Participant: 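My questions all concern the structure below.
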Protein chains: 2
Amino acid sequence: MLLSKSCVYGLRASLFLASNQNSEYVSIKELSKQLDISFHFLTKILQQLTAVDLLKSLKGPNGGVRLSKPGDEITLLDVVVAIDGDDLFQECVLGLPGCGREKPCPLHNIWAATRGDIREMLETNNLLDMAKKGKEGNLRITAKGDFEWV
Amino acid sequence: MLLSKSCVYGLRASLFLASNQNSEYVSIKELSKQLDISFHFLTKILQQLTAVDLLKSLKGPNGGVRLSKPGDEITLLDVVVAIDGDDLFQECVLGLPGCGREKPCPLHNIWAATRGDIREMLETNNLLDMAKKGKEGNLRITAKGDFEWV
DNA sequence: AATATTTAAGACAAGTATGTCTTAAATATA
DNA sequence: TATATTTAAGACATACTTGTCTTAAATATT
């Protein structure tokens, strides 16, 4: 699996928030219901995004979470790294410590290129574009068939 | 993590065996020692490769495992799919069941391209080439500093 | 045939990721 | 100020991956 489940859930929630252009707070309860993700688990994941200032949170009535900046200023990579870390883009594909240009493994070169492709894919796409694409095309970001963008 | 640890161990062992051009049986004990991988764990992993006929095994004295065909006829993808399955190349990056051209998620197109890159990378490189590269360049396929190709 | 060696198979243990539940802290609203 | 609502934090449970150990089956060698 490329991304952990936590990461996938974080991405889906972030896309949902990005579709909310006016940046109103959305409660995690609402998010968890729309996205069909366990409330408490999602809460913990979004806390990680709040911790690195990708999200802002507000406690109390009408509280919730929202993107901390416009959706086109947050890349998919930002979310992925916040949750899964940058191991995927740093580590050797054979798991060898210290694998790099000076002390490579046999797969280093080919993997470095592919790793770069993955990174670039995530870095050149932002939350707003993806949310727009989803909203306009009426595409799902959850397994449920009855998902609706806000 | 792109590949599971089992998969990485399987790849490393396969590369080691591929460097053994003459296709002699190598005991798993020897492999586990050279590659610094738990003997019993490696045994189980290699059984998976034997099960899909990528390896041949022989019990008893002077027994062990060897590639079932020339190293240039086994791609990295063969080994990866045998151990981790083809989920990585089939599944939606957001984990949505049924995500595909007809019923895509917003990330489907960009992910499908990247997924293809990964697959191509693994498919166009075979064990022999990688083993040769490692042997000729005196590159490691284990964390140990004193690793030696046979 | 007997023995030593080696893979096969499966039970079991440890570690990590995922998911649930309870309590605390903050805040809008009345 | 009191109350209801909501995120924060952490304990706990479950599932899966990784790793260990024991016994069985096969086979080369003597």
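The figures here come from the full heavy-atom set of this structure, side chains too, leaving out hydrogens, waters and symmetry mates. Chain A is the first sequence line, chain B the second, and so forth, proteins listed ahead of strands; every chain is numbered from 1. Note that the structure is predicted; figures quoted are calculated from it, not measured.
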Participant: Rounded to the nearest angstrom, tell me the gap between atom NE2 in A:H40 and atom P in D:dA11.
Facilitator: 16 Å
Participant: Once you round it to whole Å, what is the distance between C1' of D:dT20 and OH of B:Y9?
Facilitator: 13 Å
Participant: Distance check needed: D:dG10 P versus A:F41 CZ, whole Å only.
Facilitator: 17 Å
Participant: Taking the side chain from B:D86 and the backbone from B:F89, do they hold a donor-acceptor pair closer than 3.5 Å?
Facilitator: no
Participant: Could you tell me how far apart B:E30 (CD) and C:dT6 (P) are, to the nearest whole angstrom?
Facilitator: 10 Å
Participant: In whole Å, I'd like the distance from the CD1 atom of B:I28 to the C1' atom of C:dT5.
Facilitator: 13 Å
Participant: Salt bridge between A:E123 and A:R119, side-chain N to carboxylate O under 4.0 Å?
Facilitator: yes
Participant: What contact category does B:L46 fall into here, base, sugar-phosphate, or nothing, at under 4.0 angstrom with non-hydrogen atoms?
Facilitator: nothing
Participant: Is there a side-chain contact between B:K5 and the phosphate of D:dG19, meaning an N or O under 4.0 Å from OP1 or OP2?
Facilitator: yes
Participant: Kindly say if B:S27 contacts the phosphate of C:dT6, meaning a side-chain N or O under 4.0 Å from OP1 or OP2.
Facilitator: no
Participant: Between B:T43 and B:P61, who's closer to the 5' end of DNA chain C by nearest nucleotide?
Facilitator: B:P61
Participant: Please check the phosphate of D:dA8 (OP1 and OP2 only) for any side-chain N or O of A:S57 closer than 4.0 Å.
Facilitator: yes
Participant: It should be established whether B:T50 places a side-chain nitrogen or oxygen under 4.0 Å from OP1 or OP2 of nucleotide C:dT7.
Facilitator: no
Participant: When only distance counts, do a donor and an acceptor, one from the side chain of B:K44 and one from the base of D:dT20, lie under 3.5 Å apart?
Facilitator: yes
Participant: Between P on D:dA8 and OH on A:Y25, what's the gap in Å once rounded to a whole number?
Facilitator: 10 Å
Participant: What's the closest nucleotide to the side chain of A:L58 if the choices are D:dA8, C:dT27, C:dT18?
Facilitator: C:dT27
Participant: Between B:S38 and D:dT20, does any side-chain N or O lie under 4.0 Å from OP1 or OP2?
Facilitator: yes
Participant: Closest to the A:N62 side chain: D:dT18, D:dT29, C:dA28?
Facilitator: C:dA28
Participant: Looking at the side chain of A:K59, which of C:dA4, C:dA25, D:dT18 is the nearest nucleotide?
Facilitator: C:dA25
Participant: Using a 4.5 Å cut-off on heavy atoms from C-beta on, say whether the side chain of B:C99 contacts that of A:R140.
Facilitator: yes
Participant: Any chance the side chains of B:D84 and B:S4 put a donor and an acceptor closer than 3.5 Å?
Facilitator: yes
Participant: For A:D78 and A:T75, test the side chains for any donor-to-acceptor distance below 3.5 angstrom and give the result as yes or no.
Facilitator: yes
Participant: Between atom CZ in B:F39 and atom P in D:dC21, what is the gap in whole Å?
Facilitator: 12 Å
Participant: Using atom CD of A:Q47 as one end and atom P of D:dA9 as the other, report the distance to the nearest whole Å.
Facilitator: 6 Å
